[in-house]
Every structure is written in C-alpha cells, then in structure tokens.
Amino acid sequence: MSTATVSTSLSNIEVTTSPTAYLSASVSASASNDAGWRCHGTLWSNLHEVCDLLGIATPAASDDEQVLFQHVRYKAGQRIHTIGQNFDTLYIVNSGFLKTVLIDEYGNEQVLSFPMKGDLLGIDGIHTQRHASEAVALSDCDVILVPYTIFSSLGRLYAELEQAMFRAMSRELVREQIMIGMLSALSAEAKVARFLLNLGERFAQLGYSNKLFNLRMTRHEIGSYLGLTLETVSRTLSAFNELGLIRVEQRQIGILDPVALKTLRRLPPAKTRLKVGEKVTALVGKSLLPQWSKEVAVALN
C-alpha cells in the first residue's frame, strides 16, 4: 500500500487520511455493517493488544493506535458465524467460552473445538470464502473482529505480522490434529481423562487453576467432541469421582490425581473400583494422594 493519503467515503462523510488510519476506518465500517443481532460494545483494541492476546509479536514499526479493532459481545447461545455464511472476518476470543460445530443434513451436531481466550476463529472460511462450521457462545463472550481485508492489508505493510498470524492459524490446526490422533488411539476412559487434563492446561496458560475449574460445556457436548455417548461420559466422570481421581460438584471439576489420569488406559472393573476406593479412603481419607496409582496396579494384577 502506498504511503500517499487515501480518500474514502465512510458513513456519508468524506475522509482523507493515512493508510493506517484508513485501515482503522475500514474496521469500523465492517463492524458497524455486520449482522444486526450482534451487540456492539464501546471497547476497541489496538494492534499491540490483539497481538498480545494471540501470543505473537507486534511489528516493531507499527503505529498501534492507528489501527483499532472492535469488540463484539455475544450472549450464551448466540452464533458468531454459521455454516455457509460469507467469510469476511476472523474472530479472536477475548473472554468467554465457545464451541465450533459441524451440522449434517439430518441436524446432527459434531463438536470440533471449545475455543477460549486467545483462540482464533473463522479460518475455515478462507478456502471457499464461506464458513464450513458454526461457532456458538457457550457463555457470555467478548470477541474481537479482525476483517480479513484488514488482515491482508496489514500483512502487506508488516511481513512479520503476516507470518506470526499464519503461525497462530497453524497452532489451531495442530491442536485439532492432536485431538484426532487422540480419538483414534485411546479408550473412552482415557479420552475423558486427557480431555480434563488438556482443559486444565489451557486454563493454566491463562493464569487460572489447572486443578479446579468449571465445565462450560454439557456432558453431551463433551461426548460429541470425544466421539462418545452422553452416557459414557457421565459414567466415566462418576467412576473417576468414585475412585478419587477427580471431585465432581455439578459443573465444577477438581483434579485430584493428575498423574493417574495421565497414565490411565482403562478403568478397572466396577467391583475392583469399589475395593480400590475403599482402600484408598482408609489410607488417605478424602484427600487422595499419588499412592492411589500403586493401589490400582495391585488391583489389576
């Protein structure tokens, strides 16, 4: 883009400005003309804040205050984008919890991911210029809009930013590939165990506890994500709670024995679980210690 001034009409007002200010105006126009059910807030983030949220470096030569990105608030249950919708925007989660899903011709839903703060959404629309999945808020969310035309323009201005954004996109794809590998290799119990540990790790990366957190998704949605039935997820969580691996209080999960969860392959039979649970309770009371893994090893031999 040339460093010469750019003249454009925005909301019936003639504006003559610099290229970076033009980008900021374009962001505003894209956000204000978007779907009417979105609740627009007054909060805006500059380029440095957006890069920091994504965990990438800000271009050294950039003028942060010249390019601003609008925040949009969504209520739980609202859709950020739908399948088949024209692609024009990337989305960065600033707060809240979401799910992305595929929906087949019969209306069956397959959960693909559970985005949270710092995650990038919408890259599935780049290929065909239409979104192939749907993103839904599981809680009240704050999402930053990054119009793709603005992203492209910034990439031409700052090559290092374009590379960093591509790395952020690749990070999302790698995460999905890891999940696919896990689904094909592990037992149902191990899938649930890894899911809880991975979720805890993601919370830890955001500065929260990795051992005590709330599940924003339902058991059914966890099952869809892991390729399991609702009954299997519920039964597995109950078994983990019974054995003292976790503590379940409605939607709150407490990780009590992360080592055992990480190394878990299959649960012992129900009768064995009861005996193991009794032994562990007698040894350590309600607070389960790592010795539990040894007890399970004895019980399984």
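Taking both residues in full, the closest heavy atoms of Leu145 and Tyr74 are given as CD2-OH, 4.4 Å, listed atom of the first, atom of the second, then distance. When all heavy atoms of Arg216 and Arg251 are compared, the pair lying nearest together is O-NH1, 2.9 Å. Looking at every heavy atom in both residues, Gly96 comes nearest to Ser139 through CA-OG, 3.6 Å. Nearest approach of Val136 to Gly77, heavy atoms of both residues: CG1-O, 3.8 Å. Here the closest non-hydrogen pair linking Ala76 and Asp140 is N-OD1, 3.1 Å. Contact record, Leu90 with Met169: CD1-CE, 3.8 Å, taken as the closest heavy-atom pair.
Cluster annotation: Leu197 and Val174 are assigned to distinct hydrophobic clusters (Ile/Leu/Val/Met/Phe/Trp/Tyr, side-chain heavy-atom contacts under 4.5 Å, transitive). Note on Ile92: it clusters hydrophobically with Ile56, by side-chain heavy-atom contacts below 4.5 Å among ILVMFWY residues. Under a hydrophobic-cluster definition in which Ile, Leu, Val, Met, Phe, Trp and Tyr are linked whenever side-chain heavy atoms come within less than 4.5 Å, directly or via other members, Leu230 and Leu199 are assigned to different clusters.
Atom OG in Ser152 sits 11.5 Å away from atom CG in Leu157 (nearest 0.5 Å). The CD1 atom of Ile253 lies 4.5 Å from the CD1 atom of Ile246; values are rounded to the nearest 0.5 Å. For the atom pair Asp124 CG and His131 NE2, the distance stands at 6.0 Å (nearest 0.5 Å). For the atom pair CG (Leu138) and CG (Leu215), the distance works out to 11.0 Å, reported to the nearest 0.5 Å. Note that CD of Glu162 and CE of Met165 are 10.0 Å apart. Values are rounded to the nearest 0.5 Å.
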Counting only pairs under 3.5 Å, give me each side-chain donor-acceptor contact of residues 106-114, with atom names and distances, residues two or more places apart or in other chains.
residue : atom : partner : partner atom : Å
Asn108  : ND2  : Asp104  : OD2          : 3.1
Glu109  : OE2  : Lys99   : NZ           : 2.9
Gln110  : NE2  : Ser224  : O            : 2.5
Ser113  : OG   : Thr100  : OG1          : 2.5

Name every donor-acceptor pair, under 3.5 Å, that has one atom in a side chain of residues 203-210 and the other anywhere in the protein, sequence neighbours excluded.
residue : atom : partner : partner atom : Å
Ser209  : OG   : Lys211  : N            : 3.1
Ser209  : OG   : Leu212  : N            : 3.1

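Looking at Arg266, its side chain never comes within 3.5 Å of a backbone N or O of Leu264 through a donor-acceptor pair. The backbone N or O of Phe166 lies less than 3.5 Å from no partner atom in the side chain of Ser170, so there is not a single donor-acceptor pair. Between the side chain of Glu49 and the main chain of Asn46, a donor-acceptor pair closer than 3.5 Å is present.
Annotation: Gln129, atom CD; neighbour count of heavy atoms from other residues, nucleotides and ligands within 6.0 Å is above 12.
Of the candidates Leu98, Ile144, Asp142, Leu98 is the only one forming a side chain to side chain contact (heavy atoms under 4.5 Å, CB included) with Val93. The only option from Leu47, Thr58, Val50 that meets the side chain to side chain contact (heavy atoms under 4.5 Å, CB included) definition with Leu161 turns out to be Leu47.
With hydrogens and angles left out, the side-chain atoms of Ser45 and His71 include a donor and acceptor closer than 3.5 Å. In the model, Thr229 has a side-chain atom that pairs as donor or acceptor with a side-chain atom of Thr232 under 3.5 Å. Side-chain N/O atoms of Asn241 and Arg247 include no donor and acceptor closer than 3.5 Å. Under 3.5 Å, the side chains of Thr82 and Arg79 contain no donor-acceptor pair of N or O atoms.
The pair Arg202-Asp119 meets the salt-bridge criterion, with a side-chain N (NZ, NE, NH1 or NH2) lying under 4.0 Å from an Asp/Glu carboxylate O. Checked for salt-bridge contact, Arg219 and Glu221 miss the test: no charged N lies under 4.0 Å from a carboxylate O.
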